[in-house]
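First comes the structure, then the notes that go with it.
In each ligand, atom 1 is the first atom listed, and ligand 1 is the first ligand listed. FYI, side chains are in, hydrogens and waters are out, and symmetry mates aren't considered; it's all heavy atoms of this structure. Bear in mind the structure is a predicted one, so any value in this text is a computation, not a measurement.
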Amino acid sequence: MPQAASELHGVGVGRGAVVGPVLVMSEALSEPLENSHSGDADAEKAAVAAAVNRVVGELRARADRAAGPGKHLIEAAIQMAQDPILADGVGARIEGGASGERAVFEAFRSFQQQLIALGPPMAERATDLADVCQRIVAALRGAPAPGIPVSDAPFILLVRDLAPADTALLDARMVLGLITRDGGPTGHTAILARDKAIPAVVGIGAEAQIAAGTRVVVDAASGTVIVAPSDAQVAAAELRITERATELATRATGGLSEGALADGTSIPLLANLGSPRDAARAVELGAEGVGLFRTELLHLDARTAPTVAQQQSVYTELLSHFPGHKVVVRMFDSGADKPLAFLPHAHEQNPALGVRGVRALRAEPQILADQLQALKNAQDVTDADLWVMAPMVADAVEARFFVDAGKRLGLRMVGVMAEVPSLALLAEQVLAAADFVSIGTNDLTQYALAADRMLGTLSAYQDPWHPAVLRLVKLLGDAGAAAGKPVGICGEAAADPRLAVVLVGLGATSLSMAPPALAEVRAELAGVTLEQARTKAAAALAADSAERARAASAGA
Ligand code: PEP
Ligand code: MG
């Protein structure tokens, strides 16, 4: 039955809008219970064989439609599903009394463990094996296969939230828009959406339901999802989409062009990247360099740490896109929303307050040393201006530890991210130790307001316009100016054009963002002088809420 028109509200990511049908991502399946089967082992084996055939059929149909590396991956999954050793393992467990689901789960798990023990590159297949296992168990249960749905036509994806590993599979040509029930405006899903220029509305609430196939309008600018819109609502959205596309086309500069205020004050506009593959597009969209390369994103699926040679090749590829320009690489930020299997941490009740970022690196000196060495090697063979920084640094002692480690190896510019409020409170000491500071407003907001950035229910707190966050930025900006050292911004806040002006007024010397945001920020900066930016910043600082800070700066 068609759904009646209604509106859902969340937090918009970006300013785009999109119209299309919804597909819903199924949740991961629960682990099969240690049940035994009904007593008929042959019937149980036949059910498993039928489930495997169904999965192989679905995968083959996908492989026929796919091309390139995607096709090879699906073909490899088909081979895994049909592996005779696995089939024997499943059969033996059923003979031993296990239910089909449990036998499949255990046989795949044991094979996965063997692959992991072999180390790379075999260990990388363990995740693919887990996906095949989930598909077979889903077929046995008559449940939809978990993961991102497969479709021949573009769609709008509705998810509770994406796991970091799912985000790698998201095909921006097929996923027109994104709606999440959970997740806040600075969570990894929002970051991905911004990076791929996918209009998104996050945190619409756990209860919100939209039936698969229902047409919706996702309007990121207003944070609204119109479910089953009228023809007039669709026409209005389509008009907005066309107008915005025209506006952006006129603002995109192409090439490495310089950001500046109306009075000529230079504010380099840089890109946040997660892979060297995105570098060329960032340059096309006007990035002057890279302000944040998130090194951990390439390894979210990896079971073992990448070698120095593997890392060097990635960093060299990245740097080679920016000869003569600044590229800021962030060391692995493992933990909380971006866990790396090889940068271990014990189970933690509050991972955001746990062993993450530089804390995890200090606990694994070899991984730290290898990454620094790979960066030094890449610095030596390219002409880019490489800057390296550590995440989650709490004070000058930690800053010195990291800066010393980088300098010992011959890295030229070594700095720290400002994400923990203690670092901002000690900004003077930190800037005496580090070559530069880059403010990660996503985490700085999370920690200043004590609001987990993964929780949609707290999205009202995760607002970098909050005067408490702005005051921390000012402490860092003032200390940077006094020390004559750069203080950049690399959190999502820099992608909000009006906030970008305020951040410059607070002392930010460069802004780094998802490349699709560059054109709008460039245009906004070009309309204000440094003095005007400072006036707007002062008005925002004096406000007592994020909402009033927005209004005060707009009126100043
Ligand atoms: C930040 O915290 O603002 C930041 C840029 O780092 P990430 O979003 O990767 O945690
Ligand atoms: Mg961070």
Between the side chains of [X] and [Y], does any donor sit under 3.5 Å from an acceptor?
{"X": "S422", "Y": "D395", "value": "no"}
{"X": "Q446", "Y": "D443", "value": "yes"}
{"X": "Q371", "Y": "T295", "value": "yes"}
{"X": "S222", "Y": "D219", "value": "yes"}

Could you list which atoms of ligand 1 come closer than 4.0 Å to a heavy atom of [X]?
{"X": "G491", "answer": "3 (O), 5 (C)"}
{"X": "D443", "answer": "1 (C), 2 (O), 3 (O), 10 (O)"}
{"X": "M417", "answer": "4 (C), 5 (C), 6 (O)"}
{"X": "I191", "answer": "8 (O)"}
{"X": "K338", "answer": "7 (P), 9 (O), 10 (O)"}
{"X": "C490", "answer": "5 (C)"}

So for R330 against ligand 1, with non-hydrogen atoms under 4.0 Å, the contacting part is side chain
Quick look: L292 vs ligand 1, heavy-atom contacts under 4.0 Å, and the answer is side chain
When rounded to the nearest 0.5 Å, the distance separating OG1 of T189 from CZ of R160 is 9.5 Å
For the Mg ion (ligand 2), protein N, O or S atoms at a distance below 2.8 Å amount to 2
Nearest non-hydrogen contact to atom 8 (O) of ligand 1 from the set M513, R453, M392 belongs to R453
Checking heavy-atom distances from atom 4 (C) of ligand 1 to each of E296, E419, Q446, the winner is E419
- Message: Treating T535 as the side-chain partner and A556 as the backbone partner, does any N or O pair qualify as donor plus acceptor under 3.5 Å?
- Response: no
Flag R294 as yes when one of its N or O atoms lies below 3.5 Å from any N or O atom of ligand 1, and as no otherwise. yes
Note to self: Within a 6.0 Å radius of atom CD on E317, are there more than 12 heavy atoms belonging to other residues, nucleotides or ligands?
What the structure shows: yes
Verify salt bridge (charged side-chain N to carboxylate O under 4.0 Å, His left out) between R330 and E296, making sure each step is shown before the conclusion. CA-CA 9 Å; R330 194 259 296 281; E296 65 285 341; 2.7 Å; yes
Worked check of salt bridge (charged side-chain N to carboxylate O under 4.0 Å, His left out) between D385 and K326:
CA-CA 5 Å; D385 179 16; K326 176 165 119 179; over 6 Å; no
query: Does the ring centre of F332 sit less than 6.0 Å away from the ring centre of F342?
result: yes
Under the salt bridge (charged side-chain N to carboxylate O under 4.0 Å, His left out) criterion, do D278 and K196 qualify, and how do the steps go?
CA-CA 10 Å; D278 301 330; K196 296 201 185 248; over 6 Å; no
